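Quantities reported herein were computed from a predicted structural model and do not represent experimental measurements. Proteins get letters first, then strands, A, B, ... in listed order; numbering begins at 1 in each. In what follows, every heavy atom counts, from backbone to side chain, and hydrogens, waters and symmetry copies are set aside.
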Amino acid sequence: MIDLAQLRREPDAVKAALARRGVSTSTMDEILELDREHRRLLQEAEALRAQVNELSRQVGEARRDKNPSHADELAATSRALGDLEREAREATDVTATLLREKLLMIPNLPAPDVPDGLDENDNVEMRRWWVGMDQGAGLPTYEAHQRVAHWDIGAELGILDLEAGAKLAGSMFPLYRGAGARLLRALGFFALDRHMGDYEEIRPPSFALTETMMSTGHLPKSADDMYAIERDGLWAIPTAEVPLTSMNRGEILDEARLPIRMTAQTACFRREAGAAGRDTRGLLRVHEFDKVELFAYCTPEQAEAAHADILARAEGLLQALGLTYRVLILCTGDLGTSSARTLDLEVFSPGVDRWLEVSSVSWFGDFQARRANVRYRTADGSTALVHTVNGSALAWARIWAALVETYRQSDGSVALPEVLAPYLGGQTTIPTRLR
RNA sequence: GGAGGGAUGACAGAGCGGCCGAAUGUACCGGUCUUGAAAACCGGCGUGGGCUUGCCCACCGUGGGUUCAAAUCCCACUCCCUCCGCCA
């Protein structure tokens with residue numbers, strides 16, 4: 001949630017920043033007007049409440065002084081004022097609810113360095129990395145045997161069974177088998193081990209309450225993109241960001257504890273409403289995938305370093321896996337609701353000949369902390385909202401695809417990077433099937 | 001799923017219709033004393049909101065209700081603990 005006090009204090013600056021994201025000035029004017037109305041009603045209600053409190057106090061006094069008739073008189077006056085107060089309070093609540101509903105739909109202010117743009121086509125590429133780049137090698141070229149899509153490789157080697165997944169849960173619910181399933185497990189272990197020590201490992205629930213979804217900004221705006229279990233009032237988490245951000249919800253943290261850094265691997269569920277067609281084949285876009293997330297609560301001063309650390313870790317994993325990737329800064333039109341700045345990592349996958357998003361590293365400022373009410377105690381004893389940062393390191397479905405495509409050999413087998421050997425029982429080759 | 005008990009400030013723990021935003025203890029901060037520290041003593045010590053910045057309002061698990069007045073009474077829900085049942 002944006003800072004209402006800031007909107008009051010510097011309306012033009014806030015409007016200008018949000019206009020970059022397509023929020024109209026009139027929307028913000030409506031909010032300002034509602035805010036004025038709310039405060040007016042609030043003052044009215046509180047003034048009445050103060051009178052009722054004072055009269056009630058006097059009733060008590062009169063009773064103690066054994067003056068029941070005076071007490072009854074005061075009580076009657078107070079009752080009448082109480083009725084007025086109830087009306088005033090109801091009007092105040094209605095306005096407050098309306099104001100909050102509108103405010104919850106307003107996205108975060110983009111950071112100044114976020115480029116303007118309409119959609120993902122306007123994201124700006126910042127750099128690329130590939131094996132041997134430091135030694136002056138050019139961008140990798142790919143052989144014909146690497147130009148095979150992962151769904152074909154998966155079927156050929158018996159390591160990805162999309163038909164079985166579809167049979168069980170419908171399309172876009174992949175099923176990995178044999179060495180494919182083991183590779184997925186290896187990737188999670190590999191990443192979590194590298195984050196161990198610096199980030200506390202968490203294994204959170206896979207479902208979350210509506211309130212928890214509100215804190216990250218996934219609700220109310222993106223309800224259609226998520227799986228709901230209505231009977232129990234739960235939502236399937238689209239990312240571990242959801243539970244991690246709410247870990248200390250409503251708490252005041254000791255500044256000395258910051259930054260608090262956590263990591264979690266979870267299944268991530270996404271309905272991706274309306275998505276269909278060419279971009280959805282194989283593992284390009286699925287309803288369920290595993291992902292390791294990195295997360296930190298920090299002070300505003302620590303945020304930049306925390307953000308950089310997550311990005312460096314995500315890149316470090318890609319480099320260790322020897323995958324070609326590029327770093328993009330998202331433009332205003334592609335930025336997530338809660339984010340002030342997001343950097344995406346995309347790996348190049350030669351079989352499908354596409355760049356695939358495998359990580360999104362975001363700085364939220366105090367936007368999520370305001371919703372989740374996570375604060376810290378500063379040196380001077382006052383409280384301030386924390387900043388939250390997070391990023392994937394990494395989303396495995398697309399990494400899986402990029403790995404089998406990149407490392408497919410001329411004989412059809414796949415030779416995986418040696419860094420995974422400890423997690424694959426030393427066996428880094430996925431062999432062709434025996435005929 | 002059944003029966004019972006509980007939820008109050010950082011923690012422990014009183015209060016069970018009327019100056020209670022809340023005793024007391026611990027912790028924490030400042031001071032006195034001390035060569036220094038400890039002890040002792042004195043003082044301070046929740047969060048949020050509104051505006052005329054001094055005052056007002058709200059908050060005792062959550063949401064309703066009763067009342068002139070609710071931490072305190074009533075109803076519903078959530079969570080925790082104990083016992084029984086079921087169960088990977």
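Comparing the C1' positions of B/C60 and B/U72 gives a spacing of 10 Å, expressed to the nearest Å. A gap of 16 Å separates the C1' atoms of B/G44 and B/A10, to the nearest Å. Using atom P as the reference point in both B/A39 and B/C29, the two lie 12 Å apart (nearest Å). Look at the P atom in both B/C56 and B/C42: the space between them is 30 Å, to the nearest Å. When the P atom is compared between B/C28 and B/U62, the two are found 29 Å apart, to the nearest whole Å. Straight-line distance between the P atoms of B/C55 and B/U8: roughly 32 Å, to the nearest whole Å. Rounded to the nearest Å, the gap between the C1' atom of B/G9 and that of B/U47 is 10 Å. Taking atom P on both B/A70 and B/U32, the two are 46 Å apart, rounded to the nearest angstrom.
The residues A/Arg49 and A/Glu46 are annotated as not salt-bridged, no charged nitrogen and carboxylate oxygen being separated by less than 4.0 angstrom. A/Asp83 and A/Arg86 are joined by a salt bridge, as a carboxylate oxygen and a charged side-chain nitrogen come within less than 4.0 angstrom of each other. We find that A/Lys167 and A/Asp161 are not joined by a salt bridge, their nearest charged nitrogen and carboxylate oxygen being 4.0 Å or further apart. Between A/Arg408 and A/Glu156 there is a salt bridge, since at least one side-chain N of the basic residue sits less than 4.0 Å from a carboxylate O of the acidic one. The existence of a salt bridge linking A/Arg64 and A/Glu61 is excluded, since no basic side-chain nitrogen approaches an acidic carboxylate oxygen closer than 4.0 Å.
Within a 6.0 Å sphere centred on OH of A/Tyr227, other residues, nucleotides and ligands contribute more than 12 heavy atoms.
In this structure, A/Glu54 atom CD and B/C57 atom P are separated by 9 Å, rounded to whole Å. As a whole-Å value, the separation of A/Glu255 CD from B/A10 C1' is 17 Å. As rounded to whole Å, 12 Å separates atom P of B/A58 from atom CG of A/Leu48. The separation between A/Arg257 atom CZ and B/A10 atom P is 14 Å, rounded to whole Å. Put simply, CG on A/Leu81 is 11 Å from P on B/A69, counting in whole angstrom units. We find that CZ of A/Arg57 is positioned 18 Å from C1' of B/A70, with the value rounded to whole Å. Computed from coordinates, the A/Leu84 CG to B/C68 P distance equals 15 Å when rounded to whole Å. Atom C1' of nucleotide B/C57 and atom CG of A/Leu55 are separated by 16 Å, given to the nearest angstrom.
Legend: salt bridge (charged side-chain N to carboxylate O under 4.0 Å, His left out) pairs involving residues 93-102 of chain A, not counting sequence neighbours, sorted by first then second residue: A/Glu30-A/Lys102.
When heavy atoms are screened at a 4.0 angstrom cut-off, A/Ser78 is found touching the sugar-phosphate backbone but no base atom. Using a 4.0 Å heavy-atom cutoff across all strands shown, A/Arg79 reaches sugar-phosphate atoms only and no base atom.
Judged by distance alone, with hydrogens and angles left aside, the side-chain atoms of A/Asp3 form a donor-acceptor pair with the main-chain N or O of A/Ala5 at under 3.5 Å. Distance alone, capped at 3.5 Å, places no donor-acceptor pair between the A/Arg371 side chain and the A/Thr216 backbone.
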Worked verdict on A/Asp225 versus A/Arg270 for salt bridge (charged side-chain N to carboxylate O under 4.0 Å, His left out)
CA-CA 6 Å; A/Asp225 294 331; A/Arg270 305 197 175 175; over 6 Å; no

Writing each nucleotide of RNA chain B 5' to 3' as (, ), [, ], | or . by Watson-Crick or G-U pairing under 3.5 Å yields ((((((((.[[[..)..(.....]]].(((((.......))))).((((((..)))))).[[[[[..)....]]]]])))))))....

If the sugar-phosphate is the primed atoms plus P, OP1 and OP2 and the base is the rest, what is the B/S/- string for nucleotides 44-56 of chain B, using protein heavy atoms under 4.0 Å?
---SSBSS----S

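Both A/Ala75 and A/Gln51 lie near RNA chain B, and the one whose nearest nucleotide falls closer to the 5' end is A/Gln51.
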